[in-house]
Protein chains: 2
Amino acid sequence: METITLKKISEVLGLSISTISRALKNHPDISENTKRRVHELADALDYEPNINAINLRAKKNRVFGLIVPSISGFFYDSFISAIEEECRANAYSLMILQSSNDAAIEINSLHICRQNRVCGLFACLTTETKSLVAFDKFNEADIPLVFFDKVPEETKYNKICIADEKAAKQAAELLQKNNKKHILAIFGNENLSITRTRFKAFQKVISTEKDVTIYNEYCNDSDIAKKITKKHFAKKETPAAIFCMSDDILIGVMKCLNELKISIPSEVAVIALSDGFLPKIYTPEITYIETSGYKLGKLSFTKMLSCINGNTDTEELFITTPLVKGGSL
Amino acid sequence: METITLKKISEVLGLSISTISRALKNHPDISENTKRRVHELADALDYEPNINAINLRAKKNRVFGLIVPSISGFFYDSFISAIEEECRANAYSLMILQSSNDAAIEINSLHICRQNRVCGLFACLTTETKSLVAFDKFNEADIPLVFFDKVPEETKYNKICIADEKAAKQAAELLQKNNKKHILAIFGNENLSITRTRFKAFQKVISTEKDVTIYNEYCNDSDIAKKITKKHFAKKETPAAIFCMSDDILIGVMKCLNELKISIPSEVAVIALSDGFLPKIYTPEITYIETSGYKLGKLSFTKMLSCINGNTDTEELFITTPLVKGGSL
DNA sequence: AATAGCTTTGCAAACGTTTGCACAAATGTT
DNA sequence: AACATTTGTGCAAACGTTTGCAAAGCTATT
């Protein structure tokens, strides 16, 4: 079936294209009678305006780009979900690109975004990203750029983050308050700034007490977290509490504890930083500091809108990280 | 910074727009010298072609629409991930819309897709979808339409599905083989064809045996699944095996079993249909029939490409559903 | 020296909108 | 009856590309 355009409608009705255009937008210049006829025909023919033409003419798009290391997972999918909700509510569209943690793909994604003339870009850096020049082009072109989660260190960018420092501190203080003296703390990839921040904040609190034994470990996935946990429970003196920096780590730790039939919280306490989904499926539910991808998405979008509306000062914003009590501590 | 167009480049070089256009595409008509100059300047100025203009001129887009009930979850996020990978590999873009299981939002999403002149649509129906007329418009406009997961019953559509019948049958047979006589089978939303198919296939196998007691239940979320399980374990005679039609249901069931400290598989066996992530985090790992969102995405994309390439016959395709043995049966 | 055939470039139309401006017809004012 | 105003509509340009066709400047052939 041929596509319906303003021209088609104008030919059928014997009116000019401009009259059709105005009638469809209920322009006051057009008579009620004409408006009615135009609307009726447009409905009957299922007219849908061609966004490409509109964008070209207007020199602006209502599409956001979103670059994320991976769509699946507990965190980014919630983030994307939040962004999509807001896009819909504000009549924007969303173009999603996965970087797969590969700097070359990231560059490619940036090109795609620029060719599509996105009106704004949400980006989460890969662990490999060395140079930000491709991102700087967005600033030069006055396209709002909002980094989230994995963000650059420079202050000249908008950054929406988990309050990593505060979150790690909260967890540490909770362990302190519960008088846990022998602690196994498992962190993620050592190269990530997010890991370093969480690590430092955690240590800072813990180190204030003299009689605490702390074992710090790093790992990249669940399996390694599991092995690390196993190793520590093979020792004579076993941990009284385990701190998990992420969901991935929590999975490995729980797998080990369940296999060894170590009961929580009587034999060992567990606390995690988490999006919130996983802690709730365990029994007892795991106590965690919430690092919500959904909230991060909402905040990122708010910042984006303020950029679109002309707010030019860059800022770093944090989402709150409430403590959610389970039965694991 | 002003945007760079072919016109800008042509003015700087004192050539016509058409020459620039051809030079950038390495058209044989253009001299090597001119090509070199044009490419150099375009690179220096960071020229990015305007996709809107290209699409308008060409009357075609390279964007797919993807309508999904929800982005987050175990299943759809993997599906989306697979589609995005293929889009990138084939130089398409992807526009994602969440229907939130709301028929009105679904209709809205369809409009957005048509306005954006998507070159193809992947769609998963909401549980509320009554009418398919809005979808039919894609067929009328010769826009390839590929339904996945939750699909309509009519044969006139392309449908990419889990082999629901086979998967449910496999699970049932496995229970049979293991001599489970008292079975609790929990299914999802009763309105969905996917539920009905799984239900029927499951019953068909189970009903071949005379001495089997089966309790069929339906539910919409984890919490209800949990309550249902609890109810059945309050009875005098408790189930010997539980069949979970989906991950959501598995979560509720496991929560209940763990709270009641019912041990698996000695007191009760568990088998699920699942994407595969969840079953692996439990101890023992849950035996499941794999229903992979990722695989579904890959197959859906393949079908879409064949549609784009002119294949007009509609078909229903299935992904394989291997059995993955855990320790729960 | 005239013609034919390349090589290289430019012109102009088209894709589907929106919008400033002009204009015609109808109405109102003296 | 002449003029001013209002009301409704159309013309044409512009957004940034692509592409069929024409044409200008060559070289080669006769």
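Convention: sequence-line order gives letters A, B, ...; per-chain numbering from 1.
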Q: Verify the neighbour count for atom CD of A:Glu153: are there more than 12 heavy atoms of other residues, nucleotides or ligands below 6.0 Å?
A: no
Q: Let me know the distance between CG of B:Asn55 and P of D:dC15, rounded to the nearest Å.
A: 19 Å
Q: Kindly point out which of D:dC15, D:dT17, D:dT18 is positioned nearest to the side chain of A:Arg57?
A: D:dC15
Q.
Please tell me if B:Ser31 has a side-chain N or O lying less than 4.0 Å from either OP1 or OP2 of C:dT9.
A. yes
Q. Whole-Å distance between D:dG16 P and B:Ile20 CD1?
A. 15 Å
Q) Are the aromatic ring centres of A:Phe148 and A:Phe122 under 6.0 angstrom apart? A) no
Q. Looking at C:dT18, D:dT18, D:dT9, which one has an atom nearest to any side-chain atom of A:Ile54?
A. C:dT18
Q: Considering just the side-chain nitrogens and oxygens of A:Thr34, establish if one lies under 4.0 Å of OP1 or OP2 belonging to D:dG8.
A: no
Q.
In whole Å, I'd like the distance from the CG atom of B:Leu56 to the P atom of D:dT19.
A. 14 Å
Q | Integer-rounded Å distance: D:dG16 P and B:Glu11 CD | A | 11 Å
Q: From the options C:dG16, C:dG10, D:dT18, select the nucleotide whose nearest atom is closest to the side chain of B:Leu15.
A: C:dG10
Q.
Return whichever of A:Thr5 or B:Arg22 has its heavy-atom-nearest nucleotide of DNA chain C closer to the 5' end.
A. B:Arg22
Q. When the distance from CD of A:Gln115 to P of D:dT17 is rounded to whole Å, what number comes out?
A. 11 Å
(Q) Taking the ring of B:Phe64 and the ring of B:Phe301, is the distance between their centroids below 6.0 Å? (A) yes
Q. Are any of the side-chain heavy atoms of B:Val146 and B:Tyr157 separated by less than 4.5 Å?
A. no
Q: Starting from the 5' end of DNA chain D, give me the residue, B:Tyr47 or B:Asp29, whose nearest nucleotide shows up first.
A: B:Tyr47
Q) Is any side-chain N or O of A:Thr19 closer than 4.0 Å to OP1 or OP2 of D:dT9? A) no
Q. Can we say B:Arg36 and B:Glu32 salt-bridge, meaning some charged N sits less than 4.0 Å from an Asp/Glu carboxylate O?
A. no
Q) B:Asn50 has an atom CG; how far is it from atom P of D:dT18, in whole Å? A) 10 Å
Q) Under 4.0 angstrom, heavy atoms only, what part of the nucleic acid is A:Ser18 near: base, sugar-phosphate, or nothing? A) base
Q) Which part of the nucleic acid, if any, lies within reach of A:Ser21 when heavy atoms closer than 4.0 Å are counted: base, sugar-phosphate only, or nothing? A) base
(Q) If I take atom CG in residue B:Asn52 and atom P in nucleotide C:dT18, what distance separates them, rounded to the nearest angstrom? (A) 14 Å
Q: Quickly work out the A:Asn61 CG to D:dC15 P distance and round it to whole Å.
A: 16 Å
